[in-house]
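Excluded from the calculations below are hydrogen atoms, water molecules and symmetry mates; all remaining heavy atoms, backbone and side chain alike, are included. All ligand and atom numbering here is 1-based and tracks the order in the structure.
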Amino acid sequence: MRSHEAGALHGQAGDRGPGWLRAPENANELVPHLWASSVSKVDGVLTVAGESVLDLAAEFGTPTYVLDEDDFRRRARGFNEAFPDADVFYAGKAFLCVATARWIAEEGLNLDVCTGGELAVALKAEFPPARIGLHGNNKSVAELRRALEVGVGRIIIDSIEEIERLRDLTAELGVTAPVLVRVTAGVEAHTHEYISTSHEDQKFGFSITGGDARDAVKRVLAEPGLKLLGLHSHIGSQIFVTDGFEVAARRVLRLHADIEKELGVTLPEFDLGGGFGIAYTTQDDPSSPEDLARGMLKIVDDECAAMGVAVPRLSIEPGRAIAGPSTFTLYEVGTTKTVALDGGASRRYVSVDGGMSDNIRPALYSADYSCTLASRASDAPATLSRVVGKHCESGDIVVKDEFLPGDVRAGDLLAVPGTGAYCRSLASNYNHVPRAAVVAVRDGEARVIVRRETEDDLFTLDVG
Ligand code: LLP
């Protein structure tokens, strides 16, 4: 561990930041578990898969999402290996482009898409349609039609209207739609309200407690064009403990067993969704896929035995846990400022050349990140710093609290780990800042997989 309690180094409480943040003994050192596996420092310079960030910044500019391809692939494979008898669907919403869709296909995973746009990217990558699952609480007729035409492997039903749309489309196209019914187990995952999805008062799924889920299943079974594979439950995102999964699994399996017994059908599948948490800072301690698998498979086996039903084939849908740790965002520092805090303490503001347009998560979910000075070593004292972006909002924060060397200055490069999921995919053009490039690095070779937007790109849409 690189850190110790802030004590003699930082006399005033205001300089210490939140309780979980520790002042490092050496601010140059990385906390290994926050970084992709090939990332290290060589003479103070961050390198990934043999490429130095000095070279990457010179060649591709900043800000840039730098993705360790082997790390991404290894984590994808890791889920397949940990859950050998389950179907692993990579949740493309975390980060999907043609290259990552191909990697997912090559590593033998399935793919979860939740819009026509994500489906289009998958098809562009020639992802096998039979290995695609289509999600969404408001799928349009056009999206459903395309999915049926190309032959996606499963559609996860989320509304009564969708059942009706599928009834009409399957009749029109002369096909059968393999479907799961998404249910809400009434579980409050311990995560941010906006990314918790299985409590009752939100838009996803059919309620088990209110009986809506059972009614939806009956509606599906009554439609000859629909083939019911099973139930689906996703309780939320960035979850660290299996308790929530356990309660949800028990409730959904109870419904699964009731349906099999009362309606005399077999439900061959059971989808537990995604939501596996990752480490953004030293306060996060995620489980390994192996530990998750052990816990979740035992829960399902025990519950099925207790209810006297056969164990269905499981699916899981990890997104963040595959894409998130593979990537760091590389920024260049532009300005710095020291601001006086109450009690005589101070905080250093370090402004970088991106911000809430490339990572909205701090503003949207109060998400914490960490960062390191990436372009050189420094022996200046570690100083509580706030890394902020270049947008016209005071909430434009990239890293709320981090100890950085006190001499960080214009022209330095900073790297923020854990930005592979829900950063580029949630990126915007706010303030007409062009969206950053994604550069994949493997075996000392770097290549652009999503190019940087240009001002000309802005005018391809703004037609005057
Ligand atoms: N399956 C379903 C049905 C989902 O809705 C999601 C995420 C996943 C799987 C993948 O969850 P993951 O393993 O990536 O946590 N923008 C938020 C997260 C939104 C998640 C939406 N659904 C964030 O940045 O934290």
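A salt bridge is absent between Asp70 and Arg73: the closest approach of a Lys/Arg side-chain nitrogen to an acidic carboxylate oxygen does not fall below 4.0 angstrom. One finds no salt bridge joining Arg386 and Glu402 here, because no Lys/Arg side-chain nitrogen approaches an Asp/Glu carboxylate oxygen to under 4.0 Å. With respect to Arg182 and Asp271, no salt bridge is recorded, no charged nitrogen being found less than 4.0 Å from a carboxylate O. Residues Asp457 and Arg451 are paired through a salt bridge, judged by an N-O separation under 4.0 Å between the basic side chain and the carboxylate. Ionic pairing of Arg313 and Glu269 is not present here: no N-O contact between side-chain nitrogen and carboxylate oxygen is shorter than 4.0 angstrom.
Here is the list of ligand 1 atoms found below 4.0 Å of a heavy atom in Glu317: 1 (N), 2 (C), 3 (C), 8 (C), 9 (C), 10 (C), 13 (O). The contact set between ligand 1 and Pro318, taken as ligand atoms under 4.0 Å from a residue heavy atom, comprises 13 (O). Heavy-atom proximity to His135, at under 4.0 Å, picks out these atoms of ligand 1: 3 (C). Taking a cut-off of under 4.0 Å to the non-hydrogen atoms of Arg320, the atoms of ligand 1 that pass are 12 (P), 13 (O), 14 (O), 15 (O), 18 (C), 23 (C), 25 (O). Residue-ligand proximity, Arg361 to ligand 1, at heavy-atom distances under 4.0 Å covers atoms 23 (C), 24 (O), 25 (O). Atoms of ligand 1 found under 4.0 Å from any heavy atom of Gly319, numbered from 1 in the order shown, are 12 (P), 13 (O), 14 (O). Those atoms of ligand 1 that come under 4.0 Å of a heavy atom in Gly275, given as number and element, are 11 (O), 12 (P), 13 (O), 15 (O). Counting the atoms of ligand 1 from 1 in the order shown, those under 4.0 Å from a heavy atom of Asp112 are 1 (N), 9 (C).
Checking only distances, His232 never comes within under 3.5 Å of ligand 1, N or O to N or O. Any N or O atom pair closer than 3.5 Å counts here, and Ala91 shares no such pair with ligand 1. For ligand 1, the polar-atom distance check against Tyr422 finds a nitrogen or oxygen pair separated by under 3.5 Å.
In summary, the aromatic rings of His135 and His234 are positioned with their centroids too far apart to meet the 6.0 Å limit. Under the 6.0 Å cut-off for aromatic ring centres, Tyr90 and Phe79 do not qualify, their centroids lying 6.0 Å or more apart.
No heavy atom of Ala421 sits closer than 4.0 Å to any atom of ligand 1.
Under 3.5 Å, the side chains of Tyr331 and Asp358 contain a donor-acceptor pair of N or O atoms. Neither side chain, Thr64 nor Thr62, offers a donor N or O lying under 3.5 Å from an acceptor on the other.
At a heavy-atom cutoff of 4.0 Å, ligand 1 is contacted by the side chain of Leu426 but not by its backbone. Within the 4.0 Å heavy-atom criterion, neither part of Ile156 lies near ligand 1. Counting heavy atoms closer than 4.0 Å to ligand 1, residue Phe204 contributes nothing at all.
Under the 30°/60° scheme for interplanar angles, the aromatic rings of His391 and Tyr430 are found to lie parallel.
One option in Ser237, Ser315, Ala323, Ala367 has a heavy atom closer to atom 15 (O) of ligand 1 than any other, and that option is Ser237.
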